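One-based numbering along the sequence shown. Quantities reported herein were computed from a predicted structural model and do not represent experimental measurements.
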Amino acid sequence: MYELNLWSNKKSCAALPLGGSRPNEFIPPPECPVFEPSWEEFADPFGFINKIRPIAENTGICKIRPPPGWQPPFACDVDRLHFTPRIQRLNELEAQTRVKLNFLDQIAKFWELQGCTLKIPHVERKTLDLYVLYKLVKEDGGFDVVCKERRWSQIALKMGFAPGKAVGSHLRAHYERILYPYYLFQKGNSQKPTLNNDTKDKEYKPHDLPQRQSVQPAETCTIARRAKRTEGRCFKSEPGEVCENKPNLRRRMGSYVAKPEPGTDPYFFISTFIPKNHIACFKVEQYMCLVCGGGGDEDRLLLCDGCDDSYHTFCLIPPLHDVPKGDWRCPKCLAQECGKPQVAFGFEQAPRDYTLRTFGDMADSFKSDYFNMPVHMVPTELVEKEFWRLVSTIEEDVTVEYGADIASKDFGSGFPVKNGTFKVSPEEEGYLSSGWNLNNMPVLDASVLTHVTADICGMKLPWLYVGMCFSSFCWHIEDHWSYSINYLHWGEPKTWYGVPGYAAEQLEKVMKNLAPELFESQPDLLHQLVTIMNPNVLTGHGVPIYRTNQCAGEFVITFPRAYHSGFNQGFNFAEAVNFCTADWVPLGRQCVEHYRSLNRYCVFSHDEMTCNIAAKADILELELASAVQKDMCAMILEEKMLREKAYKLGVWHSQQVDYDLLPDEERQCAKCRTTCYLSAITCPCSPDQLVCLHHIEDLCSCPVKSYTLNYKYTLAELKPLFQALTARAESYEDWASKVNKILKADQDDKSDLEELRSLVVEAEKKTYPETDLLSHLCQVIQNADRCTSMAQQLLNGKRQTRYRSGGGKSQNQLTVEELRSFVNQLYDLPCTIRQAPFLKALLNRVEQFQQESSDLLAEDMPGSSALLGLLDEGASLDVELPQLAVLRQRLEQARWVEAVQEASDQPADLSLDCMRRLIDQGVGLAPHACVERTMARLQELLTVCEHWEEKAHNMLTARPRHSIVTLEAAIQEVDSIPAYLPSCLQLKDCVSRAREWIMEADALQAGGHIPGLAALSELVSRARGIPVMLEPPTRLESLVSEVQAWKESAANTFLLRNSSHSLLEVLCPRCESGPQKSKSKKAKDVSVPCKKVEVKLDSLFDVEKALSTSKDTASAMATLSDVHQKELESLSMMRTSNESKFQSSPSCLAPTVCLCHTVPAGPMLQCELCRDAYHSGCVPGFKDIQSGLPWLCPLCKLSEKPPLEKVLPLLASLQRIRVRLPEGDALRYVIERTVRWQHKVQQVSPTPHPNGKVSLICSNIIKSSDQPITRFLNCWGADLEDSCLCRQRDSSPSFRTELSTDFDKEPEKLEKNSKRRLEKENIEGQHRDTIQKPKKKKPKMNKERRREEKQTTSPSNSLSDLSYSDDSEEDWSVCSAKKCQQPEGNEVNWVQCDGSCNQWFHQICVGVSAEQAENEDYICVTLPSQK
C-alpha cells in the first residue's frame, strides 16, 4: 500500500525520536469544544444542538460525549459487508505538494520528449526545489533580469540556503541547464536544447497524474502501489499497437530497417529482388529535412517519434551536436504534447475488494510495519506529525486506502433499525428510536430534511467509513451547507480539523492564492474532497482552525458551511449523515446561489423542499414555520422578478409542468446545473434541454419568442401556501417580534422585568414551541432575577459568601472588576433593574476611592491621618479593593516614618533601644523609597550613636583617665548627635561634675580660706567618683593624708592605750553625762557678733556635725563653748548628786558607790571631778596612786595628759596643713582653755619676777608632778580644772584649805603682762582675781562643797567648791577693736591690752606686728595713761 523515498532505501518512522522535532514540524491547532450532555439534555438531540450552537459554531466543529452507559450495539452485518476502497497517495493530496508534482511532471515530460532524462540536482545536501526556484526567478523578472542584477544570492536566501556559500552560482547553473529551456519553450521559442545531467543527480520519474485519473486497474493486478521511478513508460500508443515497456527507437536514417507486413507493405516486392543497400537508399530519399528541404547528410537526419517529420541536427535552433538518446520530438509535436490541458484530479479505486476482516488485517499490518511497534502503542501525536510530514514531501510516496462513502442501505447501518436484520435485546430497544441514531436524526420532526422526498445517500441515509492509518478526508463543506454528524462505532481515533463557517471564504481565498494552478483547471476543487492543505499554513494566513481526536463512542458535529478535514489514526469504523434545522433554512438558499455561481449541481431542490414544507403548514412547529415563511417570501419575490424579466425578454409561451415527476438530472439547468422546480425555460429545438430563469440567454441560439416558460405553480397558487405559513407563524411572529424588540431595545427604551415575565406566560398559554428565542427569554428573566437578588444582597450587605481559589478562604465581597462587570451586566440586561442606579452610585464611589488612592499613593509618603481616613472610606464600601492592602501597607510605612520623625524631633527620648526597635519594625515593612531613606538615616544614626556610646564608655572606663580637655572635645562632637546616649550623657555629666569640682576646689582653697576636713574629704571622695583625670585631687589627697597622719599623731598623744574613745570624744567637752533627770540651768547668754541660732548639741555626733559645718574657727569655738557650758552644768549636777550620797539620810540607808554599786567599805578613793567614791580594791593600779595628788576615777580619766609643749606642735602642724577638722578645732579649744587657765594661775599668783617673768612658784607647781598639767581632754569644766590643778600644786592640807578658802571668796582682778605668752613666776601668796571685760558681766555660780568624807578615804580626796566662768571663751575669742576686720585663716594673731581693761585685739585690727606684740607691752587706745 505504500512506497517511500525512491532515491534512498525505505525508511521507518519508528526510527524517529518521539519527542524530537524537525524544522517546520507540525504544531497542533487548539482544541475544539467538547460537550458532555446530561441524560435530560441528551434526550432532545436538536434541542441540545441548538443550545450549544452559539459556542460550537464559532469553532466549526465540536465533539459530544454521550452520557456514560449510552453504548448502542453494532448492528452492521460484518460478514456481508464488502467494499472497494479508494487509493490515496498522501503527497498528492496536499495542494502545494500536488502543484510541485505537476510542475515536475511537466518538466520531466518536456525533457523526455527531447530524448533526455530529468534528474533532480542536490544543493547543500538537499534536493533542489525546482518549482520554488522557477517561481522565484519568474517573480523577480526572469532569468535575464536576475543575471543582470545579480540577484542569485537573494534567490538563495529566499530558498532557505545559508548566506556566504556561493549557492547562488549553483542555482544559476541549474536553472540555466534545466528550467531556462522550459521557460523559453513556454514563451514560444522553438530552440531545441540539450540536457547534460550530473552523474550525482537523481533521475526523476513522472507521477502521470493526468493519465491515472479514473483508470480502472486490471483485475489481475495486486494492491495498487506507486510504480518505481526507475521504470520506463510509453507516451504514445497507436490503435492496435502493443506498447512495449521500453523507449521508442531512435531513428537515424542510415540505420532504419522497415518491418513490412505481408500483403500490406508496398515495399515488400522491391525488398525481395533488389539488394538491401539499394532498398535503404530508396527509403532515405523519401525523407527530406523540413528546414533546408534537402535529403543529404543522412547521418545527421533525425526522424520525429511523434509525426515522422525529418530534421537535420545542424538545422535545429540551436543545432544538436549529437544524436539524442531515446525518443525525440520535433518542435511541432513538442508544443502539441506539452500544451494538452490537465485532467481533473481524482482518486483511483483500489484493485481489490475487501471485507472488514481483510481490510483490518491489512490496516493493522501497515501501521505496525510503518511505525515498527504495536498499533495500540503508537501515540496519536506521532501519527499526526508524521501524516503532515508525508503529505508535504515530494521525496517520499506513501499510499493508503480508504473505504469511504459506503452506502448503509446496501450493507446495513452500524445502528440498529426497525425491521432490520439485526435483532436487539429488550434493554437495547431504546436505541431503535433514539434521536442520536443516525438513521433517525435526519427525519426527526425538527429536521428540515424530513420534507425532502428523495432518499439521498449521505444526507438522509447514513454513509459508512472504514479507515486505516493515514487515510484522510480532504477539506470540504457538506452539501447545501448542511449540518453533519459523525459517530465512531469502534476502532482507533479519527483526527478532525475544522474552520468556522464565517471563515469559509477566507479559507477558499487562501488556498486559491497558495495553489492557483489547481483552481484554474478545477474551480470547484474544494467540492471534490480531493485536496488538503496543512493547517499550520492556513493558520499562518489568518484562518482560524480547531482540532479534536474523536474516539470510539463519540460524536463530532460540523456546522453549516464549516470546512473540515482530517485523517484516521488507524483501523476504525464510522458512520455519518447530514441534518438541517430551522436556523439552516436561509443558509440553504444562500448555498443554492453559491452553487449557481460555480455551476455546481444541487443534491436536492431547495424550492421544492420549501413548497413541500408550506403544504404542511398546519402541522409545522412554529419555529420552522416562521423560518420557512421568511424563506418562501424571498422565493416568491425572486420568482416573480424572474418571470417578469422573462416576459420582458419575450418569453410569452408558458405551460404547467409537474416537476415532481421528473428525476433531478432531467430538470437541471444546462448552464448552472441547478435543479429547477418552480420554473424553467425550454426551446422546441432541444426539448430535452432546459435552463433556469437566470440563464434564459444561454439556452440556445433560437429567438427568445420561441422559448416556453414551464412552471410548477402560478404566482396565485403560491399565495395560499404562503398565507398558510403566515397564519401559522403570525402569532408567533408577533410574539417573537415583541420579544426581539424588548431584547434589542436601547438603554432608554428598556421594559420592566414584569413585562418579560408576561411574555413567557403568553408563550405558555399559546403553547409556543421551545424555540431558541423562548429559551433566551427565559434565560434573560432568570439572569435578571438572579441579578436582582444579588444586587439587593449587595445593597443590604447580606450577600452569600462564596469561595475562591487560593487557600479556600471564604470571601463575601466583590472585587472592583466584578462589581463593574456586574453593574455593566445589570445595564446590559434587556430590562430595567430597580437596584441598578444604587449599584452604579456604589461603583462611582469605588472609582472615586480608587482615584483618590492613586493620587495619595503617588505621593512620596502621605500622612497617616489621610491614609487612615481613606482606609475607613474603603472599608465602608463593602467591596474587595486591592488598594486597601496597599493603603494598609503604606499606613504602616507612614506610621513608622512618622514614629521615626517624632523620635528624631525629641532627641532626649531617642535611645539606642528605641532606634533598634524602630529599625526592627522598619525591616518588616514593604520596600519603599521613603522607608529606605528613613531606614538609611536611622541606621546611620544608630551606627554613629553606637560608636559614640562605645567610645564614651571606653572614655569613662579608661585607665589612665582622660583629661577634661579631651572629654570636652568629645562632648562637642556628641552634642551634634540628636539622640539620647546614656554613656555620652554620663560623660557630659562627669565633665560637668569635674568642672564643678574644680570650681569648688579652687573656691575652697582661694582667698586664704582654710577648708574643713569634711568638705575636703567629701571633695576628695567626689573626685574619686569622677572618671576624669583631675590635677587638684592629688594635692587634696595629700592634704587628707597629712590630716590623717596628724590625727594619728594626736591620737597617739592623747588617747590611752586600748582606749575605746575617739580622738574627738577625748578633745571635745563632754556633752553626754549619762542619764539626766532634768535639764541643766543654762548660763546667761552673752551677745556675740558671730553667734548663730543654737543647734542641737546633745551628742558627740551633733557636735561633730556642727563643727564640720561651721564656716570658720570662730563659729567652731562658739560651738565648743556651748558644749563646754553644758559640760559644766552636767558635771555640777553629778558632783552634787555624788556628794549628797555621804550626807546623813533619814532613812539611814547606806549609799551605793564604786563600780560595783555597793556600800562603802574599807579604804575608799574619791574622784577629784565627779566626787564619787570607789573601793580601793575595785580600782585597777591602786598601789601606783601617789598620795597627795588629785585622783580621777576611771570614768573621768579619758586620756593621757600630755604637756603643753607637746600639744602646741600638734596645733602648729595642723596650722601648716591649713585644713580645718573637728579634732583640730577641739584641740585649739583645749589649748585656749589651757592658756586661759594659765592666765588665771598668773592672776591667782601675780608675784612679779625681777626679770618680768612668771614666778618660779607657778613653774614649780606645773612641773612638780610627773603627770602632765594638761588634763583638759578629760576634764569636765574649766573651774574644775583650776581646782584640780591647784590641788596638784601643793599636796599639803594647808594649801588645799587655802585654795578652798580662796575659791569661796570673790575673785579679784589681776594685772597681766603685756605679752601674750605666760611667764613662769612664783604665784604663792598672790590673790586670784578674775579679769572681766568692761562690757560683760560674768555670772557667778554658787559653789557646793562636801563637808565630810569617810575616814577610809585618802587625805587628798577632800572636796572643794569650784567657781565657774562661762564667758572665758568669749572674752578671748572676740576682737574689741571698734572696726574689726574679721580676719580668717588658720593663723590669726592676737594681742591683749596690758592696761587695766585686759581686752583682746586682732593684731591686724590695731596695727601691731607679731614682733611688737612679743617684745613690747600693748596699751589699747582707751587707756593711754596706763602705758
Side-chain angles (χ1 to χ4, degrees), residues 6-7 99-162 165-207 229-230 235 247 250 302 311 313-314 316-331 334-335 337-338 394-395:
L6 299 178
W7 297 303
V99 170
K100 294 180 181 181
L101 292 176
N102 290 336
F103 176 78
L104 291 178
D105 284 350
Q106 292 177 10
I107 297 296
K109 182 177 181 181
F110 170 78
W111 284 112
E112 191 169 3
L113 292 177
Q114 302 299 314
C116 301
T117 301
L118 173 64
K119 293 185 177 181
I120 308 299
H122 282 68
V123 177
E124 294 293 324
R125 300 181 181 180
K126 294 192 303 183
T127 303
L128 180 60
D129 193 335
L130 294 177
Y131 174 77
V132 174
L133 178 61
Y134 183 82
K135 294 286 289 185
L136 290 176
V137 173
K138 187 176 182 181
E139 290 174 359
D140 283 359
F143 177 75
D144 297 334
V145 176
V146 173
C147 292
K148 182 178 181 181
E149 297 182 2
R150 299 181 179 180
R151 298 182 185 175
W152 290 106
S153 298
Q154 299 177 7
I155 298 293
L157 291 176
K158 291 180 181 180
M159 295 186 68
F161 292 102
K165 294 187 176 182
V167 179
S169 59
H170 296 290
L171 295 180
R172 174 181 176 175
H174 293 314
Y175 184 91
E176 186 176 12
R177 180 172 57 90
I178 300 174
L179 300 176
Y180 188 55
Y182 176 76
Y183 172 77
L184 293 178
F185 170 74
Q186 292 289 341
K187 291 294 183 180
N189 201 326
S190 60
Q191 65 177 359
K192 300 298 295 183
T194 58
L195 180 62
N196 299 320
N197 290 312
D198 192 342
T199 56
K200 297 181 180 179
D201 295 342
K202 299 298 182 178
E203 183 178 353
Y204 175 81
K205 291 300 180 180
H207 284 67
R229 296 177 185 256
T230 55
F235 280 93
R250 282 176 307 158
L302 291 177
Y311 295 87
T313 58
F314 50 81
L316 296 174
I317 303 174
L320 297 178
H321 301 288
D322 298 322
V323 176
K325 299 178 180 179
D327 293 345
W328 177 81
R329 295 294 188 277
C330 66
L334 184 62
E337 191 69 26
C338 293
I394 299 177
E395 292 81 2

Distance from L130 atom CG to H174 atom NE2, nearest 0.5 Å? 9.0 Å
Test log, rule side-chain contact (heavy atoms from CB on, under 4.5 Å), inputs L118 and I178: CA-CA 8 Å; L118 173 64; I178 300 174; 3.8 Å; yes
Between E139 and L136, does the side-chain contact (heavy atoms from CB on, under 4.5 Å) criterion hold? Intermediate values first, please. CA-CA 5 Å; E139 290 174 359; L136 290 176; 4.0 Å; yes
Could you walk me through whether I120 and L104 pass side-chain contact (heavy atoms from CB on, under 4.5 Å), step by step? CA-CA 9 Å; I120 308 299; L104 291 178; 4.3 Å; yes
Distance col, row M159:CE vs L133:CG, nearest 0.5 angstrom, shows 5.0 Å
Are any non-hydrogen side-chain atoms of H170 and P121 less than 4.5 angstrom apart? no
R172 CZ to R150 CZ distance, which is reported to the nearest 0.5 Å: 9.5 Å
Please round to the nearest 0.5 Å and tell me the distance separating atom NZ of K135 and atom NZ of K158. 13.0 Å
For residues V123 and F161, report the shortest heavy-atom separation together with the two atoms involved. O-CE2, 3.5 Å
Assess whether side-chain contact (heavy atoms from CB on, under 4.5 Å) is satisfied between L128 and L171, documenting all intermediate values. CA-CA 9 Å; L128 180 60; L171 295 180; 3.5 Å; yes
For the pair W152 and Y175, name the ring-plane relationship: parallel under 30°, tilted 30 to 60°, perpendicular over 60°. tilted
Testing the basics here: between A156 and G168, what is the closest heavy-atom pair and its distance to 0.1 Å? CB-N, 4.3 Å
